[in-house]
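Written out below as structure tokens is the structure these notes cover.
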Amino acid sequence: MEQSYLDNLVGVFGHPVAENPTCVMQDAAFAHLGIRWKYLTIEVLPRDLAAAVAGMRAMNMRGINLTIPHKVAVIDHLDEVAPDAAVMGAVNTVRRDGDRLIGENTDGKGFLRSLSDDAGIDPCGKRVMVLGAGGASRAICVELANAGAARIDLVNRSVERAEALVDLLQRNTGSEVRFRRWDATVAVDADVDVLVNATSIGLFPDVGALPDVDMQTVREGMVVCDVIPNPPQTAFLDLARDRGAITLDGLGMLVYQGAIGFKMWTGLEAPVDVMRGALQKVFG
Ligand code: NDP
């Protein structure tokens, strides 16, 4: 018997959400595999989140992504939260297990998979410097620490947000964590293996903006990553490549976090090249 569309609905709740590109990559993946799934982009005001989650249950939706401002608030409306998402205190993907809604966070996992699949890097034993202490940084740092990173140097402008993340990492993981306040040009220590820009500096339309890093301290062979998906080739990555670094863009992280969600929902391996190609068309 043919399945109805209503058994196969997924989507994203956000506010504002109109510019969210995820539907393009998920629908491209469904079409490529010839499965009758549909990804909806749904505007949900903060005051309506509980009703939206109840509606998702009522319509038997298979899963949902959460974006700004719902990643933290959604936790109160779920039946269970995966351990790493619970440590982060944020959920970007909800999957269904029977009648139960389970919260996951695939952002940091997407970053790690991009690191391994696109750059061939295993973070175990590596010393990583992360710029920024917001949601993206939090997800990346927790997964890096869980994967056995030897040391995480956290560099952030505001002290309060960074100290909260340092405290969270120290309480929940075994990695050494150090904090450096970002109030002047930051030098990258000579023993750092991986440098990550996890701030929003360089995001469209502010494409020329650069994190205040002394690029002379970026050495040949260092892996330099950016979380900015649009444009994927940031000015920061251009400078890092000029210094001989191996660079990794934020498009990979976006594709893989979506691919991990795709597998959680459908049980199928995601066609990552198709998803990447679909996003590249959107970002131009
Ligand atoms: P948040 O607002 O939670 O955090 C932003 C971070 O950037 C903070 O640490 C903030 O510092 C820092 N920052 C912003 N502007 C400056 C500046 N001028 N100088 C120094 N620090 C600055 O945002 P998110 O963490 O949610 O998102 C960050 C970026 O990650 C966005 O561009 C987003 O698009 C991207 N992202 C990419 C994903 C992907 O799959 N590729 C997934 C998720 C996010 P402070 O604490 O001092 O304010």
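Just so you know, ligand 1 is whichever comes first in the structure, and atom 1 is the first atom listed for that ligand.
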List the steps, then state whether ring-ring contact (aromatic ring centres under 6.0 Å, His included) holds for Phe30 with Phe262. CA-CA 9 Å; Phe30 300 147; Phe262 182 98; 5.4 Å; yes

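Listed by number with element, the atoms of ligand 1 under 4.0 angstrom from any heavy atom of Gly132 are 9 (O). Listed by number with element, the atoms of ligand 1 under 4.0 angstrom from any heavy atom of Gly135 are 3 (O), 24 (P), 25 (O). Distances below 4.0 Å separate heavy atoms of Ala136 from the following atoms of ligand 1: 24 (P), 25 (O), 26 (O), 30 (O), 44 (C). Annotation for ligand 1: atoms under 4.0 Å from non-hydrogen atoms of Ala133 are 9 (O). Close contacts of ligand 1 with Ser158, meaning ligand atoms under 4.0 Å from a residue heavy atom, involve 45 (P), 46 (O), 47 (O).
Residue contacts with ligand 1 do not include Gly110, since none of its heavy atoms lies under 4.0 Å from the ligand.
With a heavy-atom cut-off of 4.0 Å, Asp107 touches ligand 1 through its side chain alone. Contacts of Ile228 with ligand 1, taken as heavy-atom pairs under 4.0 Å, involve the side chain alone. Counting heavy atoms under 4.0 Å from ligand 1, residue Leu203 touches it through the side chain alone. Residue-level proximity to ligand 1 for Leu251 is absent, since no heavy atom of it falls below 4.0 angstrom. If you look at Arg161 next to ligand 1, the close heavy atoms, those under 4.0 Å, all belong to the side chain. Neither the backbone nor the side chain of Leu131 has a heavy atom within less than 4.0 Å of ligand 1.
Considering backbone and side-chain N/O atoms, Gly250 comes within less than 3.5 Å of an N/O atom of ligand 1. An N or O contact shorter than 3.5 Å links Asn156 to ligand 1 by distance. For ligand 1, the polar-atom distance check against Lys71 finds no nitrogen or oxygen pair separated by under 3.5 Å.
Rounded to the nearest 0.5 angstrom, Glu220 CD and Ile246 CD1 are separated by 9.5 Å. Rounded to the nearest 0.5 angstrom, Leu40 CG and Met56 CE are separated by 11.5 Å.
Comment: Glu80 engages Arg100 in a salt bridge, judged by a side-chain N to carboxylate O separation of less than 4.0 angstrom. Using a 4.0 Å cut-off between a side-chain N of Lys or Arg and a carboxylate O of Asp or Glu, Arg178 and Asp189 qualify as a salt bridge. With salt bridges taken as basic N to acidic carboxylate O contacts below 4.0 Å, one links Asp191 and Arg151. No salt bridge links Arg127 with Asp153; every basic N to acidic carboxylate O contact stays at or beyond 4.0 Å.
By the 4.5 Å heavy-atom criterion applied to side chains, Gln280 and Leu251 are counted as neighbours.
Counted within 6.0 Å of CZ on Arg47, heavy atoms from surrounding residues, nucleotides or ligands total 12 or fewer; the atom is thus considered open.
Protein non-hydrogen atoms do not reach within 4.0 Å of atom 33 (C) of ligand 1.
Scanning the protein for heavy atoms near atom 14 (C) of ligand 1, the closest one is Ser200 OG, 3.5 Å. Atom 4 (O) of ligand 1 has as its closest protein heavy atom Gly134 CA, 3.4 Å.
Distances from atom 6 (C) of ligand 1 to the heavy atoms of Leu254, Thr199, Val130, Val255 put Thr199 nearest. For the residues Val227, Val186, Asn230, the heavy atom positioned nearest atom 30 (O) of ligand 1 is part of Val227. Summarising the contacts of atom 17 (C) of ligand 1 with Arg157, Arg181, Arg138, Met253, the nearest heavy atom is found in Arg157.
Minimum interatomic distance between Met275 and Ala270 (heavy atoms only, all atoms of both residues): SD-CB, 3.7 Å.
Looking at Arg181, its side chain never comes within 3.5 Å of a backbone N or O of Asp183 through a donor-acceptor pair.
For Arg57, the salt bridge (charged side-chain N to carboxylate O under 4.0 Å, His left out) partners two or more places apart in sequence, or in a different chain, are Asp79.
Aromatic rings from Phe111 and Tyr256 are positioned such that their centres are separated by 6.0 Å or more.
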